[in-house]
Amino acid sequence: MAKSDAKKVNRVLIVDDHPLMRGGMASLLAADESVEVVAEAGTVRAAMTLIAEWEPDLVVADLRLPDGSGLELIKDALARWPEILFLVVSMHDEKLFAERVLRAGGRGYIMKEAASEKLLQAIHQVIGGEVYVSDKMMQSIVTLVSKKLPANKAEIDSPLKILTDRELEVFELIGNGLATRKIAERLTIGIKTAETHTANLKTKLGMSDRNELMSYAVRWVAEQ
């Protein structure tokens, strides 16, 4: 019997809260016979359900979702399904988020503005066992890793880089105008824990009070 030369079709789940964005990515992938979009999700909860149902080879996900963070989705999903690959497509600045995505277990990061040109390339690199980030970001990572000592605070181009992933989530929610109680509900944490994160943010960012922190957070969110 002749050996089949059929190529594997990789199952892809798209996670983004904007239907038009999901549709655009699905259309791009429809032209490639090596991948198949098996499902789409708009929330972390829906994504986890669909991952369990479809067991996709690759999840293409945004970072900002209505019920949580794409970073937490990556961590939670990989804890249950460690073989799944994650590629993040986001509007957030890669200088601040790409390394966080890679540390969480993601295999690539691409800015939404570059998705129409780079998405298929990124997907093939990730499926092929490589990591995908922009050339500029890769050089930054290589430079950082090549140093014998971690970058000190003076070498960090954004003060937000010193924040933990959870602190960055809280900072973004503050920038979106959420009060402490709402932040706690959104992140399913206690109010005292949310208050502790806020206090840590003020300390790390050198803010004297919550109003100053909120002003900074609002400006940052508006720039994203």
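Just so it is clear, the model here is predicted, and its values are computed rather than measured.
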Side chain to side chain donor-acceptor pair (under 3.5 Å) between His124 and Asp32, intermediate numbers included
CA-CA 10 Å; His124 283 292; Asp32 193 319; 2.6 Å; yes
Test log, rule side chain to side chain donor-acceptor pair (under 3.5 Å), inputs Arg219 and Ser215
CA-CA 6 Å; Arg219 291 197 307 272; Ser215 177; 2.9 Å; yes
Output, in order, the C-alpha distance, side-chain angles, deciding distance and verdict of side-chain contact (heavy atoms from CB on, under 4.5 Å) for Ile183 and Glu169.
CA-CA 9 Å; Ile183 291 174; Glu169 286 184 85; over 6 Å; no
Going hydrophobic residue to hydrophobic residue with side-chain gaps under 4.5 angstrom, can you get from Val89 over to Met91?
no
Verify same cluster id: Leu87, Ile14 (apolar side-chain graph, 4.5 Å)
yes
Does Asp16 pair with Arg64 as a salt bridge, N-O distance under 4.0 Å?
no
Got a sec: does the NZ of Lys75 have more than 12 other heavy atoms crowding it under 6.0 Å?
yes
From CZ (Phe97) to CG (Leu63), nearest 0.5 Å
6.0 Å
Would you indicate whether Trp81, at its atom CH2, is surrounded by more than 12 heavy atoms from other residues, nucleotides or ligands within a distance under 6.0 Å?
yes
Side-chain heavy atoms under 4.5 angstrom apart, residues restricted to Ile, Leu, Val, Met, Phe, Trp, Tyr: same cluster for Val9 and Ile123?
no
Do Arg22 and Glu40 meet the salt-bridge criterion of a basic N to acidic O distance under 4.0 Å?
yes
Taken in chain and number order and not counting sequence neighbours, the residues that satisfy salt bridge (Lys or Arg N to Asp or Glu O under 4.0 Å) with Asp17 are none
For Arg103, look at atom CZ and say whether over 12 heavy atoms of other residues, nucleotides or ligands are found less than 6.0 Å away.
yes
Please work out whether the ring planes of Trp220 and His92 are parallel, tilted or perpendicular, with thresholds of 30° and 60°.
tilted
Treat each ILVMFWY residue as a node, draw an edge where side-chain heavy atoms are under 4.5 Å apart, and state whether Leu85 and Leu50 are in one component.
no
Rounded to the nearest 0.5 angstrom, the CG-CE distance for Leu28 and Met25 is 9.0 Å
To the nearest 0.5 Å, tell me how far Leu119 CG sits from Glu117 CD.
11.5 Å
I'd like to know if Glu167 and Lys204 make a salt bridge, using a cut-off of under 4.0 Å between side-chain N and carboxylate O.
yes
Determine, using the 4.5 Å side-chain heavy-atom cutoff (strictly less than), whether Leu178 and Phe171 are members of one ILVMFWY cluster.
yes
For residues 183-196, the salt bridge (Lys or Arg N to Asp or Glu O under 4.0 Å) pairs (sequence neighbours left out) are Lys182-Glu185
If you count every heavy atom of other residues, nucleotides or ligands that lies below 6.0 Å from Glu83 atom CD, does the total exceed 12?
yes
Sequence neighbours left out, what passes salt bridge (Lys or Arg N to Asp or Glu O under 4.0 Å) with Arg100? Give chain and number order.
Asp165
Verdict with supporting geometry, Leu13 and Ile51, side-chain contact (heavy atoms from CB on, under 4.5 Å)
CA-CA 8 Å; Leu13 167 65; Ile51 290 172; 3.6 Å; yes
Nearest 0.5 angstrom please: Met21 CE to Ser90 OG, how far?
9.5 Å
dist Leu78:CG -> Ile74:CD1 (nearest 0.5 Å) comes out at 7.0 Å
With rounding to the nearest 0.5 Å, note down the distance linking CD1 in Ile191 to OG1 in Thr198.
11.5 Å
